[in-house]
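All values reported here derive from a predicted model rather than from experimental measurement.
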Amino acid sequence: MAQRDLSRHQEKIVKRYYDHHDTIQANKLGELLSELWLAETDAARAKLWKRARTALTRLGVDDTKVAAVCDAQDAERLGKLIKSIEAGGGGR
C-alpha cells in the first residue's frame, strides 16, 4: 500500500479512530447482537455469527471464548461477553 500524505486534520481523524477502535468494535458487536435476535433465516444468522467472530477476534478476545460463544451460537453468552468488553476488556 502506498504511503499517503495526510493533512493534520485527516491525521487527527485517523488517530481518533484508532484511539477508539475498541469502543467502535464493541458498538458493532451490540448491533450484530440485535440483528441476530431479529434474523429470520439460518443463512442470515450464519452470516451474522461469522461477522461476530471476526469482530471479537479483532478486539483481541481469547480464542477459546470466541469459539465457545460462536460455535454454540449462543446470543445470550455473546451479550454477556459484549457487556464485559464494554466494562473494561473482560473478554481478553
Pairs under 3.5 angstrom only: tabulate donor-acceptor contacts from the side chains of residues 31-38 to other protein residues two or more places apart or in another chain.
residue	atom	partner	partner atom	Å
S34	OG	G30	O	3.3

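The shortest distance between side-chain heavy atoms of L78 and L56 falls below 4.5 Å. When side chains are defined from C-beta on, L59 counts as touching L29, because their heavy atoms get closer than 4.5 Å. Under the 4.5 Å side-chain criterion, counting only non-hydrogen atoms from C-beta, Q25 is not in contact with D22.
Legend: residues meeting ring pair (Phe, Tyr, Trp, His ring centres under 6.0 Å) with H21, ordered by chain and number and at least two apart, are Y17.
Closest approach of L48 and A39 over heavy atoms only: CD1-CB, 4.0 Å.
Hydrophobic clustering, with ILVMFWY side chains joined whenever heavy atoms are under 4.5 angstrom apart, keeps I24 apart from V61.
Taken from CG in D5 to CD in E11, the straight-line distance is 8.5 Å, to the nearest 0.5 Å. To the nearest 0.5 Å, atoms CG (D63) and SG (C70) are separated by 10.5 Å.
Under a 4.0 Å N-O distance rule, the pair K65/D62 does not qualify as a salt bridge.
Listed by first and then second residue, the side chain to side chain donor-acceptor pair (under 3.5 Å) pairs involving residues 71-80 are R53-D71 (not counting sequence neighbours).
The backbone N or O of S7 sits less than 3.5 Å from a side-chain atom of Q10, completing a donor-acceptor pair.
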